Number of protein chains: 2
Amino acid sequence: MRPTTNDLAREADVSLATVDRVLNDRAGVSAKTQARVNAAIKKLGYTRDVTAANLAKKRQYKLIFVLPDDSSQFQKTLTEEIESASIRASSERSSIQLIKVPPNDPHALVKELRKCQRRRVDGIAIMAPETPQVRDAISELKENNIAVVALVSDQPKSQCDHFIGINNVAAGRTAAKLMGRFVPNKPGKIIVITNSLQSHDSVDRRLGFDETMRERFSHLMVLPTLEGHNDRNRVKQALTNATRNYDNVVGVYSLSSGNRAIMQDLASDKFPAPLVVVAHELTSHTRKALQNESIDAVITQNTGHIVRSAVRVLRAKSDQVEIDSSQERVRIEIVLKENLG
Amino acid sequence: MRPTTNDLAREADVSLATVDRVLNDRAGVSAKTQARVNAAIKKLGYTRDVTAANLAKKRQYKLIFVLPDDSSQFQKTLTEEIESASIRASSERSSIQLIKVPPNDPHALVKELRKCQRRRVDGIAIMAPETPQVRDAISELKENNIAVVALVSDQPKSQCDHFIGINNVAAGRTAAKLMGRFVPNKPGKIIVITNSLQSHDSVDRRLGFDETMRERFSHLMVLPTLEGHNDRNRVKQALTNATRNYDNVVGVYSLSSGNRAIMQDLASDKFPAPLVVVAHELTSHTRKALQNESIDAVITQNTGHIVRSAVRVLRAKSDQVEIDSSQERVRIEIVLKENLG
DNA sequence: ACAATTTTGAGGTACGTACCTCAAGTTTTA
DNA sequence: TAAAACTTGAGGTACGTACCTCAAAATTGT
């Protein structure tokens, strides 16, 4: 059985009140007594029973997810997961709120984060490209003792407590390996398409893709990235141009999830049949495309896991408790029709 | 804020004691009053605060993992995860014990399960091939109100509460898809090797593999399964024979994890270079083999997740609480060198 | 050596639930 | 209709922690 505060009091030969003062660093304990209590904590291996403490405190974890308000399918999936987490949250002493801010508008984001500070939240999960403004806002949050995790897109130079997401360079490499081994083993060209190369994720993926392509599949030529900007017609146009301008296209790599148009165009057999398509993010659309074989492979990260992980990490950081890092690692998943499950 | 028992008492216009009697089905409440309390529960959406209840009860979940005592690398990995879960368990009011029984000895297994019953455990995770004896033992456990989950290997016809593992037919299909697309697109032969076809998993994987191979890659010929029986030399011999007897071998599919010998033989370039190898279960050995490219792809299930999931499900079942099934689904993971992470 | 200050202990209440006892009230049965 | 059986309420203690008050003790400064 775990030691309790009473065990500590007995061991350190002090009263329960003093133990309490030390544990919750309340004033009025001499250095000597503090040391005695800390020694007892160490000796008995005491750890606070967080559930009992939360009961006594009537604690509610106020957690906020801040996402860019774009209309991509990935956002939608993430939103759904956050909403479903929010329902379960109440039975775990947490309240989860989702705030959407205009994409690529650091100012608006910072304003929202300030608002959170005033509302005394316990933790914030931020999905946003890294910019100096955001970095500063995160520092400010940390000064106010608010737990912060970066979601999906890392904030490497910030004070952020944790990053929950995948290494996009490795994801790009994985895509390249699949692409390279799925297309016939002879020269050919690969189309790369994305919403926007402004996003750090896309750039990293392209980087990883090119690296592995160069190292392992030098007989394949990777074409310049086409940017679709979430505009269906633009994507269509770009693809048509690409196939007109380049012969011997053997594969398409979609860096982002929002390329519904691609799947549709590919389905409407505009292309010669054996075209290998690799895309990112498992959504209802890519799922369907895998099923009808208009996509060959999807590289994805489990959004449900990401959201649950964010909640666990934010709670742990807010309690200053250790996290189980193996549980919180997000994997780069490869999904084929066969393991869609 | 969630409603409490006091809210229920007020709503149903009864005393706290009566609410308590209903909630913990203690005797001495008239049907009418019971209905009133139940109505209040429904109206207020009351759910028991499990953490407070556990505090009051000083509850400790006694959980047992029963695994076959074989020496495969997969077992080792699983064992490590159970041990690490066991360390964390104490801070979650749980104690986890690992029991190893002789493999393929239903009698020994049943004996251990009986022992658990006498020790009044809360839940048992069983990894064992499905046999009538085991099925009966599980029924017995369920009669004694012990939560039971099947681990890795399903017990479909048993009274088991839950299965934690993957669909091995689908896993075999996934392996086939990778194999079929990784080898050159022309006729060739595939060697299939396993420890033993006695295990249900291996049979299912082979089944799925053959299905997809037949449907999609009929130019490839899948050879009869070689059984290694955990014997290094036997594996070596079988492989040597196979390569002697069959020309044009283009791939090797390892159904089970315990085929250390394969990787070593493959590494010692006994085979013509471009031989595609697909194996199951990510262990320290297959990990290394991926890294040095002697294996092309590994199909795996996350053992850490499996163990954590088993613990969560056993606790939930023992409390008769809903589980979050999306969190408990084990995915068929594809691991390449690039997404080893 | 005295007052002022700091430190410590004793005791309480609370969180939401579990489980216990005892007495009073209500219904059933003989 | 009285005894027996059942039903209900009131009240208590406990789990491990948080947070409060007040008084006693120990230490400090003058």
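Residue numbering restarts at 1 for every chain, and letters A, B, ... go by the order of the sequence lines. Here the structure is a predicted model, which means the values were calculated and not measured.
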Minimal non-hydrogen separation, B:Y61 against B:E92, with atom names: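 In this case the closest contact between B:Y61 and B:E92 is CD1-O, 4.4 Å.
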Under 4.0 Å between a side-chain nitrogen and a carboxylate oxygen: does that hold for [X] and [Y]?
| X | Y | value |
| --- | --- | --- |
| B:R331 | A:E333 | yes |
| B:K111 | B:D105 | no |
| A:D319 | A:R59 | yes |
| A:R312 | A:E328 | yes |
| B:D49 | A:R93 | yes |
| A:D13 | A:R36 | no |

Option passing side chain to side chain contact (heavy atoms under 4.5 Å, CB included) with B:L67 (candidates B:I99, B:V152, B:I126, B:L98):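 Among B:I99, B:V152, B:I126, B:L98, the one that satisfies the side chain to side chain contact (heavy atoms under 4.5 Å, CB included) with B:L67 is B:L98.
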Separation of [N] [atom2] from [X] [atom1] (nearest whole Å):
| X | N | atom1 | atom2 | answer |
| --- | --- | --- | --- | --- |
| A:N6 | D:dA18 | CG | C1' | 13 Å |
| B:D49 | D:dG16 | CG | C1' | 14 Å |
| A:R59 | C:dG16 | CZ | P | 16 Å |
| B:L8 | D:dG9 | CG | P | 14 Å |
| B:K57 | C:dC19 | NZ | C1' | 11 Å |
| A:N54 | C:dG16 | CG | C1' | 13 Å |

So, OP1 or OP2 of [N]: does either fall under 4.0 Å of a side-chain N or O from [X]?
| X | N | value |
| --- | --- | --- |
| B:R93 | D:dC15 | no |
| A:T5 | D:dT17 | yes |
| A:K58 | C:dG16 | yes |

CD-CG distance between B:Q60 and B:N54, expressed to the nearest 0.5 angstrom: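 So the CD of B:Q60 and the CG of B:N54 are separated by 9.5 Å.
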B:L55, nearest nucleotide to its side chain (from D:dC15, D:dA18, C:dT17):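 That would be D:dC15.
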Net bend of the helix from C:dA1-D:dT30 to C:dA30-D:dT1, end axes of five pairs each, nearest 10 degrees: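 Rounded value for the end-axis angle: 30°.
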Selection: residues 11-38 of chain B, any non-hydrogen atom under 4.0 Å of DNA chain D: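 Result for residues 11-38 of chain B: B:D13, B:V14, B:S15, B:A17, B:T18, B:R21, B:G28, B:V29, B:S30, B:T33, sorted by number.
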